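Just below is one structure, and these are the notes that go with it.
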Amino acid sequence: MNDQGLHARNPIFDASILGLCLIFALGLVAIGQTGDWYAGFIPAQAASQVLPPWLWESLTTLGDGRVQLALMLPFCLRYPRVFWALVVGALLAGAMSRGFKVWFDLPRPAAVLDASQITIIGARLTAHSFPSGHSVSAFSFIVAWLALLGWWRALPIVIIATLAAFSRIAVGAHWPVDVLAGALIGLVGGWAGLRLTRKFRWGLGVRAHWILVAIAVVAVATLPFDGQGYPDTRPWRIVACLWGLGGFVLFYLRPLLRGGWQAANRPLEGLVAEHPAG
């Protein structure tokens, strides 16, 4: 399977993304109706305790864009359109998220609740709560895969993204309203990125593709050394790093060393021939 049909018009897919956005928006409205923007945190965190802390800590790293790049690296040549759509979607969603964080600057649970009311796993964060950046990243990541695979085959990715978003409550880093808003922003950014890359095809050029992959490699290489406040996830981060860098060596570096630039070029020749790009 390739990603040739990624940008085909699909009204059902668009309607499903809109439906998900409406669900998250209604959740935000429901919390707003309570008059407490921190509503639902304590029962949600209590429910999360059925699973061990190490699992939530590992799941929360899936909202780290570097981990997502590591998971994607072995598939970038096979699915270059997906890779480009993910990059653009992540940039758009991340820009929206950063704007909201600066505009609202809401305190996190650890800054509001008494220590007896909250379980903190990993770093104790106190500021810039709204929205959840990890939730933004997790949900922007699923859009292109949903467009390519459909709901049934992409369902495991959606479930994992949902758990990664919920983990932000479980580790005590975010309120439910942050997670809902983050998921909504991630979907909107991911969908906008997918639509934009139908016309803006710079990332499908060979040189552009290599530049993006090189940036991804540098980002992935930092995973063992920076846990972003979750040091106990280092073994998992090392595995993710080795997976991503191994994919780069196998599908990029080895062809380059064996056959030179022309050999490394070859998997993208069809894209370049069809739509010349930089």
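Just so it is clear, the structure is predicted and the values come from calculations on it, not from any experiment.
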* **Residue pairs fulfilling side-chain hydrogen bond (donor to acceptor under 3.5 Å, both in side chains) with at least one residue in residues 176-187, sequence neighbours excluded** =>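 Qualifying pairs, neighbours excluded: Ser129-Asp178, His174-Asp178.
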Are [X] and [Y] side-chain neighbours, meaning at least one heavy-atom pair lies under 4.5 Å?
{"X": "Arg198", "Y": "Arg9", "answer": "yes"}
{"X": "Ile17", "Y": "Leu146", "answer": "yes"}
{"X": "Phe139", "Y": "Thr162", "answer": "yes"}

Between atom [atom1] of [X] and atom [atom2] of [Y], what is the distance when rounded to the nearest 0.5 Å?
{"X": "Gln33", "Y": "Leu28", "atom1": "CD", "atom2": "CG", "value": "12.0 Å"}
{"X": "Leu163", "Y": "Leu62", "atom1": "CG", "atom2": "CG", "value": "9.0 Å"}
{"X": "Arg234", "Y": "Thr61", "atom1": "CZ", "atom2": "OG1", "value": "14.5 Å"}
{"X": "Met72", "Y": "Arg78", "atom1": "CE", "atom2": "CZ", "value": "10.5 Å"}
{"X": "Leu71", "Y": "Ile160", "atom1": "CG", "atom2": "CD1", "value": "9.0 Å"}
{"X": "Leu86", "Y": "Leu69", "atom1": "CG", "atom2": "CG", "value": "9.0 Å"}

Please report the shortest heavy-atom distance between [X] and [Y], naming the atom on each side.
{"X": "Val249", "Y": "Pro255", "answer": "O-CD, 4.4 Å"}
{"X": "Val82", "Y": "Ala144", "answer": "CG1-CB, 4.2 Å"}
{"X": "Pro131", "Y": "Phe100", "answer": "CD-CB, 3.5 Å"}
{"X": "Ala173", "Y": "Tyr230", "answer": "CB-OH, 4.3 Å"}
{"X": "Gln45", "Y": "Val171", "answer": "NE2-C, 4.2 Å"}
{"X": "Cys241", "Y": "Val220", "answer": "SG-O, 3.5 Å"}

Distance-only check: which donor-acceptor pairs under 3.5 Å involve side-chain atoms of residues 119-126, not counting sequence neighbours?
from, atom 1, to, atom 2, distance (Å)
Thr119, OG1, Gln49, NE2, 3.3
Arg124, NH2, Ala110, O, 2.8

* Kindly write out the residues that satisfy side chain to side chain contact (heavy atoms under 4.5 Å, CB included) with Pro52, not counting sequence neighbours, or none if the list is empty. =>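 With neighbours one apart ignored, the set is Trp54, Leu55.
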* To do: Quick one: list whatever passes side chain to side chain contact (heavy atoms under 4.5 Å, CB included) with Ser137, sequence neighbours left out.
  =>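 Ser137 satisfies side chain to side chain contact (heavy atoms under 4.5 Å, CB included) with Gln68 only.
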* Check step by step if side chain to side chain contact (heavy atoms under 4.5 Å, CB included) holds for His7 and Lys199. => CA-CA 10 Å; His7 292 139; Lys199 301 295 184 181; over 6 Å; no
Any link between [X] and [Y] through a network of hydrophobic side chains (Ile, Leu, Val, Met, Phe, Trp, Tyr) touching at under 4.5 Å?
{"X": "Val206", "Y": "Ile215", "result": "no"}
{"X": "Leu22", "Y": "Val177", "result": "no"}
{"X": "Ile211", "Y": "Leu77", "result": "no"}
{"X": "Leu253", "Y": "Val213", "result": "yes"}
{"X": "Trp103", "Y": "Leu92", "result": "yes"}

* Asked: Okay, side chain of Ser97, backbone of Ala93: is any donor-acceptor separation there less than 3.5 Å?
  ->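 Judged by distance alone, no pair lies under 3.5 Å.
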* Hey, does the side chain of Lys101 reach the backbone of His128 with a donor-acceptor pair shorter than 3.5 angstrom? ->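 Yes, because the side chain of Lys101 sits within donor-acceptor range (under 3.5 Å) of the backbone of His128.
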* Asked: Which pairs pass salt bridge (charged side-chain N to carboxylate O under 4.0 Å, His left out) with one or both residues in residues 48-73, sequence neighbours excluded?
  ->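 Those involving residues 48-73 are Asp64-Arg66, Arg66-Asp226.
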* Pairs where residues 79-98 contributes a residue and the test ring-ring contact (aromatic ring centres under 6.0 Å, His included) is met, not counting sequence neighbours ->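 Sorted result for residues 79-98: Tyr79-Trp145, Phe83-His209, Trp84-Phe200, Trp84-Trp202.
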* Applying side chain to side chain donor-acceptor pair (under 3.5 Å) between Arg81 and each of Asn2, Asp3, Thr197, report the one that passes. =>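 Exactly one option meets the side chain to side chain donor-acceptor pair (under 3.5 Å) with Arg81, and it is Asp3.
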* ring pair (Phe, Tyr, Trp, His ring centres under 6.0 Å) involving Phe13 - partner list, sequence neighbours excluded ->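 For Phe13, no residue satisfies ring pair (Phe, Tyr, Trp, His ring centres under 6.0 Å) once neighbours in sequence are set aside.
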* Partners passing ring pair (Phe, Tyr, Trp, His ring centres under 6.0 Å) against Phe248 (at least two apart in sequence or in another chain) ->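 Phe248 satisfies ring pair (Phe, Tyr, Trp, His ring centres under 6.0 Å) with Tyr252 only.
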Would you list the atom pairs, donor with acceptor, under 3.5 Å between side chains in residues 148-156 and any protein atom, with sequence neighbours excluded?
from, atom 1, to, atom 2, distance (Å)
Trp151, NE1, Ser16, OG, 3.0
Arg153, NE, Leu149, O, 3.1
Arg153, NH2, Leu149, O, 3.4

* **Residues forming a side chain to side chain donor-acceptor pair (under 3.5 Å) with Ser116, sequence neighbours excluded** =>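 Counting only residues at least two positions away or on another chain, Ser116 forms a side chain to side chain donor-acceptor pair (under 3.5 Å) with Asp114.
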* Could you list the residues that satisfy side chain to side chain donor-acceptor pair (under 3.5 Å) with Ser132, not counting sequence neighbours? =>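 Side chain to side chain donor-acceptor pair (under 3.5 Å) check on Ser132 returns Ser135.
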* Quick check: are there more than 12 heavy atoms from other residues, nucleotides or ligands sitting under 6.0 Å from CZ of Arg98? ->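 At most 12 heavy atoms, drawn from other residues, nucleotides or ligands, come within 6.0 Å of this atom.
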* To do: Report the C-alpha separation of Phe41 and Asp36 in whole Å, then their side-chain angles, then the decisive distance to 0.1 Å, and conclude whether the side chain to side chain contact (heavy atoms under 4.5 Å, CB included) test is met.
  => CA-CA 11 Å; Phe41 173 81; Asp36 296 324; over 6 Å; no
Enumerate donor-acceptor pairs with a distance under 3.5 Å from any side-chain N or O in residues 180-193 to protein atoms, sequence neighbours excluded.
from, atom 1, to, atom 2, distance (Å)
Trp191, NE1, Asp14, OD1, 3.0

* To do: Classify the angle between the aromatic ring planes of Trp175 and Tyr38 as parallel (below 30°), tilted (30 to 60°) or perpendicular (above 60°).
  =>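 Tilted, since the angle between the ring planes falls between 30° and 60°.
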* Asked: Among side-chain atoms of Thr60 and His134, is any donor-acceptor pair under 3.5 angstrom?
  ->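 Note: Thr60 and His134 side chains miss the donor-acceptor criterion.
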* **Intermediate values then yes/no, side chain to side chain contact (heavy atoms under 4.5 Å, CB included), Ile169 and Val179** => CA-CA 8 Å; Ile169 301 173; Val179 172; 3.8 Å; yes
* For the pair Trp56 and Phe166, evaluate side chain to side chain contact (heavy atoms under 4.5 Å, CB included) and give the outcome as yes or no after the intermediate values. => CA-CA 9 Å; Trp56 288 120; Phe166 185 78; 3.5 Å; yes
